[in-house]
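Contents: one structure, followed by commentary.
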Amino acid sequence: MRGDLVAREPERLARWEKDGLYRRIVEKRRAAGSPKFVLHDGPPFANGDVHMGTALNKVLKDLVLKSKSMAGHECPYVPGWDCHGLPIEFKVVKESRGLESAEIRRRSEAFARQYIDIQRNSFRRLGVLGDWENPYLTLSPEYEADIIRVFATLVEKGLVYQSQKPVQWSYGAQTALAEAEVEYQDVKDPAIFVKFPLATGAYAGESSMVIWTTTPWTLPANLGIAVHPQFTYLRGEFTNAERGVTENFIVVRELVEVFGQKTGFVPSGELAELKGAELEGAEAQHPFLPRTSRVILADFVTTETGTGAVHIAPGHGSEDYLAGQQNGLGLLSPVDDEGKFTAEVGVDFLVGKHVHESNVPIIKLLAEKGALIGKENYLHSYPHCWRSKTPVIFRSVPQFFIRIDALRETALKEIDRVQWLPHWGRNRIFGTVESRPDWCISRQRTWGVPLPVFYDAETAEPILDADLARRVADLTESGGTNLWFEKDDAWWAEQLGLPAGTTRCTDTLDVWIDSGSSHVAVMDRHPELSCPADLYLEATDQHRGWFQSSLMLSVAVRDAAPYKAVMTHGFVVDQDKKKISKSEAAKSGKPVDAAYFYNKYGADILRLWVSSVDWQNEVPFGEDLFKQTAEPYRRFRNTLRILLANLHDFDAAKDAVADADFPLLDRWILERLHQVVVECREAYAAYEFRKVFNTLNQFCAVDLSALYIDITKDRMYCDAADSSRRRATQTAMHRVFEALAKLLAPILSFTADEAWEYAGYADPVHLELFPEAAPAFAAAEASEKVAQFSRLRDLAQVAIDAAVKADEFKKRERAAVVFHLPPDDPARALLESAPEEALEFLMVSSFALADAEGEATATVAATAHEECLRCRRSLPLVASRLCGRCEEAAAIS
RNA sequence: CCUUCCGUAGCUCAGCAGCAGAGCGCUCGACCGAUAAUCGAGAGGGCGCGGGUGCGAUCCCCGCCGGAAGGACCA
């Protein structure tokens with residue numbers, strides 16, 4: 001057994017694949033009637049190389065599957081890829097502009113397939129076993145057809161509607177975004193105070209409302225001003241001494257002081273109190289457009305910032321939209337796909353201007369009109385598109401939505417029936433499901449599954465029809481959804497028997513519908529799988545993403561969650577706990593691609609690293625940390641190797657000794673093994689791979705390498721080959737080896753199997769079951785005695801080291817030890833009753849007992865015995881300059 | 001502002017009520033029949049801080065500080 005993992009692992013992998021190892025394991029379990037365990041693979045995006053984060057996820061899945069399988073489960077694993085979506089279309093469109101839809105889709109598919117191959121090779125190389133020949137792809141026609149059928153079901157249940165309410169819009173990507181596609185960044189924006197003179201009502205021509213906003217560009221769409229009905233507002237003269245201006249304002253009482261600090265306008269006369277409710281219905285003059293803005297009442301008004309009067313632009317915010325609806329304010333959204341103002345904006349010089357370049361001119365305009373009351377820089381977190389990194393704007397265009405309220409109650413109930421690992425995952429998804437708005441599912445993009453909706457030839461109203469959608473699914477099932485983009489409206493109308501002139505929707509479905517439908521398109525379809533899955537296992541960001549989209553669609557389709565348990569792991573971060581970004585990693589020369597590591601160190605080292613990591617939290621990563629796990633790897637490898645070497649002349653069937661015949665030391669190691677087996681089995685069952693790693697590492701380092709193997713070396717080399725003591729050791733080592741190889745197999749998949757092969761087994765270790773705990777060794781009978789021995793050994797060690805340093809002798813085998821022990825020391829009885837074992841354990845020439853008054857101590861001197869020529873121990877020698885044992889052994893051989 | 005998680009040797013982490021542990025790294029030594037190994041010794045820790053409950057607390061409880069994640073607010 002040699003190292004050289006980088007060269008040897010691929011050879012073993014090739015053999016596994018040639019023999020169909022994955023399939024053999026599944027079939028063996030099935031033949032044994034093992035219960036199933038279904039881990040449903042969350043599909044990674046097919047748009048990049050496998051980096052450490054992806055590798056962590058897939059290897060964790062493999063650890064789960066291999067350990068479940070060895071614990072006696074049938075574990076089918078169908079990996080998949082998420083193929084549609086903006087990230088891919090983005091790259092394709094960037095390369096060459098002005099492509100036809102069908103061409104974009106062809107190139108996008110080629111792009112996705114290219115990365116599917118790259119990623120698949122990486123995952124295989126990492127030793128992840130699964131049905132790699134038949135993965136599920138969200139771009140395959142059958143999968144796409146199932147997505148459309150899921151949509152049909154949603155329509156059938158009345159869950160889909162079209163509306164023009166504001167959605168989060170990325171002008172960078174020119175599409176609506178879902179909540180999960182939005183990330184928040186801290187930005188500084190101008191926040192301004194704007195005067196709206198009242199034109200009707202009790203204070204018409206006298207007082208002005210003042211609003212506060214961080215988005216001046218939404219002012220052209222202003223249609224209302226909201227005040228809180230119960231708040232107390234103050235009305236009266238405010239003077240800005242610096243500017244020499246006096247105005248009559250209405251400001252909420254709690255904010256008058258702050259308002260003064262920020263705008264310079266402080267009360268200069270008596271202020272009258274009034275309730276917000278009194279202002280309802282008054283019209284205020286828009287600061288630069290020839291229309292008025294109605295004062296409405298709303299509970300969401302707060303006294304935290306601003307003036308207590310809130311600028312309402314129903315086209316640019318969801319609360320604004322709702323308030324607008326309730327009060328019949330109408331809706332303006334004078335912004336196009338690119339984020340530029342349309343003619344509807346009503347101000348000539350703004351038309352065609354980007355909204356984010358319009359803040360300054362609008363502020364200037366306000367100042368000219370005398371409507372700008374104050375201005376400040378305001379630091380806040382603002383949503384950004386996760387792909388184009390541009391700020392998100394709220395914008396109203398017709399979109400399709402799923403009614404979340406119809407699903408929410410069941411979804412929340414289902415969340416509490418699922419096991420969340422770690423437990424706080426429950427709160428995370430519960431919170432988002434509890435508060436999420438309706439799901440905007442239409443995307444104005446090309447690379448995706450078409451939204452199977454038509455528009456009436458006459459009225460242009462959308463036709464939401466489940467049967468129609470199902471027929472679209474049937475039509476695309478064989479040819480794929482490219483049909484939607486390649487054929488024209490007339491063709492489709494004819495195919496579906498719709499009146500001529502019917503047009504089809506050009507939107508595609510949100511990709512979260514794609515992956516969120518996998519429980520239907522994969523779990524329900526695949527004969528080996530079934531829904532609900534036993535486990536979903538992804539990074540923690542999927543609480544907002546896949547876990548949620550899957551839950552919602554599953555509740556819509558089957559009124560239940562698609563999973564019984566959900567496990568999440570943290571992100572891979574660099575050693576300073578900063579996010580690892582590819583561009584930065586490249587700059588600093590810190591590789592993050594999994595390929596770099598398995599090509600340099602080997603997949604088993606990477607797997608061992610994964611097992612050693614605390615997946616619940618963020619996972620720090622760096623090459624230094626990675627190298628640290630190479631050391632334990634060598635220990636595992638060497639331990640397996642020396643065990644194998646010591647077993648070279650052992651035939652379990654012939655040579656094994658009975659349980660009752662184990663000497664102390666061997667009984668002890670089997671007691672330890674018993675604990676290790678129990679602990680590892682439990683740890684695997686709880687997915688605590690790190691505990692497995694720690695337990696096995698300690699077992700190999702402390703119990704096996706430093707003690708058991710070291711001490712029994714003498715027996716192995718020098719006892720007569722067939723002596724019962726040597727055979728007992730081999731029997732124990734044989735058990736230890738088998739258990740160790742099996743317990744390591746899920747983690748060190750290549751190395752454990754290599755050892756297994758060397759041990760003479762024809763079939764890979766991965767077909768085996770975990771070792772069973774041996775009840776006969778559950779009691780720690782020998783362990784207590786060995787603990788005493790260890791104590792004595794440590795005691796002697798100090799004295800021996802001093803003697804070696806003083807040049808009294810060179811090695812511990814030359815030491816004659818005297819233990820000075822108190823009369824009641826428990827070690828006394830042990831030394832007297834088992835002198836042979838004691839001598840062997842201590843690895844010294846001789847020992848003697850003496851009385852001690854206080855603490856136990858040991859003294860040493862050079863032994864008078866000569867070294868046995870054969871075993872090099874210093875013992876009483878017989879005539880031939882051999883010790884008694886060696887003379888006998890030599891006589892036999 | 002709220003919730004959760006984390007804070008033990010230089011590094012990565014065990015332990016979780018009863019004399020502070022492992023691995024790596026470092027220093028020094030032994031072995032030379034696990035040798036691109038193996039064995040040993042040493043240095044290195046008021047177990048984040050402050051209280052509390054216990055005979056006894058790193059471990060339980062409360063508060064605080066520091067770090068991370070999520071939520072709320074804002075959009």
For [X], which contact category applies under a 4.0 Å heavy-atom criterion: base, sugar-phosphate, or nothing?
| X | value |
| --- | --- |
| A:Lys810 | sugar-phosphate |
| A:Ala706 | sugar-phosphate |
| A:Glu631 | sugar-phosphate |
| A:Arg793 | nothing |
| A:Asp801 | sugar-phosphate |
| A:Ile709 | base |
| A:Arg634 | sugar-phosphate |

At less than 4.0 Å, is any side-chain N or O atom of A:Arg635 found next to OP1 or OP2 of B:C24? Yes or no. yes
So, is A:Ser435 near the phosphate of B:A72, with a side-chain N or O under 4.0 Å from OP1 or OP2? yes
Donor-acceptor pair, side chain of A:Arg873 and main chain of A:Met843, under 3.5 angstrom: no
May I ask you to verify whether the side chain of A:Ser705 and the base of B:A34 hold a donor-acceptor pair under 3.5 Å? yes
Determine which nucleotide pairs with B:U38, using a 3.5 Å limit on both distances of a Watson-Crick or G-U wobble pair. B:A30
